[in-house]
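The block underneath contains the structure these notes are about, expressed in structure tokens.
All figures in this text were calculated on a predicted structure; none of them were measured in a lab. Scope of the values below: all heavy atoms of this structure, side chains included, with no hydrogens, waters or symmetry mates. Letters go in sequence order (proteins before strands), and every chain restarts at 1.
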There are 2 protein chains.
Amino acid sequence: MSPVTPKSKSNSAIAVEELRRLIFSGALPAGSDHLESELAVRLGMSRTPVREAALLLEGQGLLKVRARKGVRILPISIDDMIEIYDVLTELESMSAAKAAEKGYKAQDLKPLDGAIADMETALAAEDRDAWSAADDAFHTELVRLGGNSRVVSIVGLMADQVRRAKAVTLYMRPLPTQSNKDHRSVLEAIAAGDAQAAHDIHYAHRAAAKDVLINLLRQNRLHML
Amino acid sequence: MSPVTPKSKSNSAIAVEELRRLIFSGALPAGSDHLESELAVRLGMSRTPVREAALLLEGQGLLKVRARKGVRILPISIDDMIEIYDVLTELESMSAAKAAEKGYKAQDLKPLDGAIADMETALAAEDRDAWSAADDAFHTELVRLGGNSRVVSIVGLMADQVRRAKAVTLYMRPLPTQSNKDHRSVLEAIAAGDAQAAHDIHYAHRAAAKDVLINLLRQNRLHML
DNA sequence: GGATCAAACTATGTATACATTAATACTGAT
DNA sequence: ATCAGTATTAATGTATACATAGTTTGATCC
């Protein structure tokens with residue numbers, strides 16, 4: 001490291017990271033408006049990189065740039081959640097099937113196996129945050145094994161859009177004990193090269209998870225998150 | 001209309017439209033590099049809106065902004081085409097199934113029926129450009145009927161990325177006479193409310209179209225478009 | 001003549017000043 | 001007092017000037 005700060009990342013890239021962090025942490029609440037100049041001051045840079053970051057995040061569906069009204073952090077409705085979970089269900093199931101067709105060795109499936117093990121550990125310790133992180137890792141690794149980079153990107157975008165809603169419901173619902181059986185079954189189907197089984201098991205898993213989440217939101221009158 | 005030009009659209013929006021047009025028309029060829037300042041002169045505006053447009057289109061996967069090297073129009077490889085067609089196959093088939101579940105009336109399905117009629121007319125006249133436009137209309141309307149706005153966006157992005165490649169192969173391959181039977185079958189399944197049939201027929205249709213296209217590209221050694 | 005280092009150049013990244021326009025407040029008449 | 005019309009304001013949209021860093025060029029030494 002040189003004595004002075006090297007400044008490897010551009011301010012624009014920093015603004016993207018920071019804005020994402022502020023959105024996911026709730027520091028910029030869903031539905032709130034923020035002037036570009038305010039955000040610029042907050043991030044310690046000029047409007048230019050902040051505006052570029054805002055336009056990028058608008059493309060990712062996290063906020064909306066509105067003329068003379070600042071950027072609005074987009075809230076997620078129940079209908080949005082249904083849309084997103086339908087896309088996730090479809091593309092993840094496809095990834096599971098494609099992964100099964102690739103004939104991965106046990107070595108290649110270690111990260112997926114590791115994520116399941118982490119979920120089991122977290123469940124035993126009733127550590128919801130650790131479970132959630134491991135669950136994310138499982139789904140991310142699953143689509144990675146599917147081998148389609150566009151699917152990886154799209155699933156990432158959709159997952160980001162429901163991130164806040166998932167965080168809210170994480171402590172509302174019972175511990176997902178069934179979930180891990182499903183994950184193991186998917187892993188076994190992939191290891192066995194059974195594309196149809198991998199697809200169908202994961203599809204049913206996702207559909208069930210969607211129903212649980214939607215019902216939870218409806219019952220608690222959480223129509224916007 | 002007022003006497004002077006009203007200027008309803010922002011320069012940034014115009015830049016997006018123009019750049020898309022220049023990319024799809026081949027005026028900015030795949031793989032070519034272009035300085036932001038050159039593009040600004042070409043579009044008759046400053047670098048700012050051009051740069052904003054470039055960043056937006058980078059998010060849509062049409063080009064890449066590279067530090068000190070200008071924007072590169074991204075070429076599409078055969079592997080890219082496979083990725084994109086796999087996503088399209090999955091999401092369009094899902095849309096067909098969802099559309100079938102919605103119980104649309106004949107009135108609601110008129111646009112889809114109209115697109116098929118246009119394809120038949122174009123086929124009879126051997127007008128490939130008209131057929132291509134009607135085929136686009138069919139697929140766009142199909143996902144619209146699916147009722148998932150995110151699927152509409154994603155399918156639009158994927159379709160844009162393969163647009164050049166489709167244009168190249170349009171005059172290379174035989175007239176797609178089988179295609180229309182498939183389209184009619186999908187329409188009938190949706191009208192009959194048979195989600196499984198709508199899904200499976202469209203899935204097979206897309207898979208076949210993908211194989212034709214990929215083989216055509218391989219045979220003609222078109223590895224980058 | 002070739003290699004090394006430095007200086008100039010070039011194009012993006014960033015800051016800032018300005019233009020534009022929708023919203024708001026104010027003024028004045030009825 | 002209310003409404004219409006105008007002026008001010010405020011924030012984005014845009015242009016431009018500047019900073020930064022990578023590349024190329026050129027000069028100098030061996």
Side-chain angles (χ1 to χ4, degrees), chain A residues 1-23 27-29 31-74, chain B residues 1-23 27-29 31-74:
Chain A
M1 290 282 276
S2 62
V4 286
T5 315
K7 190 174 196 175
S8 48
K9 281 181 288 197
S10 70
N11 279 356
S12 188
I14 293 170
V16 171
E17 287 175 17
E18 282 298 298
L19 286 178
R20 284 172 56 89
R21 200 179 55 74
L22 291 169
I23 291 169
L28 301 177
S32 62
D33 293 330
H34 307 273
L35 301 182
E36 291 177 1
S37 39
E38 288 175 10
L39 294 172
V41 171
R42 190 164 186 166
L43 302 187
M45 56 185 74
S46 80
R47 265 182 63 215
T48 306
V50 171
R51 182 173 167 79
E52 287 185 356
L55 290 169
L56 187 110
L57 295 175
E58 179 173 41
Q60 300 187 355
L62 291 178
L63 52 82
K64 184 142 185 52
V65 176
R66 301 155 73 219
R68 272 168 303 286
K69 298 193 173 178
V71 303
R72 165 160 299 177
I73 311 304
L74 286 182
Chain B
M1 291 280 277
S2 63
V4 287
T5 315
K7 191 175 195 175
S8 48
K9 282 181 286 195
S10 70
N11 279 356
S12 187
I14 293 170
V16 170
E17 287 175 17
E18 281 299 296
L19 286 178
R20 284 172 56 90
R21 201 179 54 75
L22 291 170
I23 291 169
L28 301 177
S32 61
D33 292 331
H34 308 273
L35 301 181
E36 291 178 1
S37 38
E38 287 176 11
L39 294 172
V41 171
R42 189 165 186 166
L43 301 187
M45 56 185 75
S46 80
R47 266 182 62 215
T48 306
V50 171
R51 183 173 166 79
E52 287 185 356
L55 290 169
L56 187 111
L57 294 175
E58 179 173 41
Q60 300 188 354
L62 290 179
L63 52 83
K64 183 140 186 54
V65 176
R66 299 155 74 218
R68 272 168 303 286
K69 297 193 174 180
V71 303
R72 165 160 299 176
I73 311 303
L74 286 182

- Note on the structure: Between NZ of Lys9(A) and C1' of dT14(C) the distance, given in whole Å, is 18 Å
- Return the value, rounded to whole Å, for the distance between atom CD of Glu38(B) and atom C1' of dA11(C). 11 Å
- Task: Check the distance between dT14(C)'s P and Leu43(A)'s CG and give it to me in whole angstrom.
- Result: 13 Å
- Is any side-chain N or O of Asn11(A) closer than 4.0 Å to OP1 or OP2 of dA15(C)? yes
- Can you check whether any acceptor in the base of dA11(C) is under 3.5 Å from a donor in the side chain of Ser37(B), or vice versa? no
- Salt bridge or not for Arg21(B) and Glu18(B), using N-O below 4.0 Å? yes
- Query: To the nearest angstrom, how far is Arg47(B) atom CZ from dG13(D) atom P?
  - Reply: 19 Å
- Item | Rounded distance (nearest 0.5 Å) linking atom CD of Glu36(B) with atom CD of Glu38(B) | 11.0 Å
- Does a nitrogen or oxygen in the side chain of Ser46(A) sit under 4.0 Å from OP1 or OP2 of dA15(C)? yes
- For Met45(A) and dA19(D), give me the distance from atom CE to atom P, rounded to whole Å. 19 Å
Under 3.5 Å donor-acceptor pairs involving side-chain atoms of residues 61-68 of chain A, not counting sequence neighbours:
| unit_1 | atom_1 | unit_2 | atom_2 | d |
| --- | --- | --- | --- | --- |
| Arg66(A) | NH1 | Asp33(A) | OD1 | 3.3 |
| Arg66(A) | NH1 | Asp33(A) | OD2 | 3.4 |

- side chain to side chain contact (heavy atoms under 4.5 Å, CB included) partner of His34(A), the single match among Leu22(A), Val50(A), Ile73(A): Ile73(A)
- Verdict with reasoning, Leu19(A) to Leu56(A), per side chain to side chain contact (heavy atoms under 4.5 Å, CB included): CA-CA 11 Å; Leu19(A) 286 178; Leu56(A) 187 110; over 6 Å; no
- At under 4.0 Å, does any side-chain N or O of Arg51(B) touch on OP1 or OP2 of dG13(C)? yes
- d(CG, Leu55(B); P, dT12(C)) in whole Å: 12 Å
- Rounded to whole angstroms, how far apart are CD on Glu36(B) and P on dT16(D)? 15 Å
- Between dT12(D), dA15(D), dG13(C), spot the one nearest the side chain of Ser10(A), thanks. dG13(C)
- Mind checking the OG-CZ spacing from Ser37(B) to Arg42(B)? Nearest 0.5 Å is all I need. 13.0 Å
- Item | Rounded distance in Å - CG (Leu39(B)) to C1' (dT12(C)) | 13 Å
- Message: Near DNA chain C, counting only heavy atoms under 4.0 Å, which residues of residues 56-69 of chain A show up?
- Response: Arg68(A)
- Query: If we only count heavy atoms from C-beta on, is the Leu55(B) to Glu58(B) side-chain gap below 4.5 Å?
  - Reply: yes
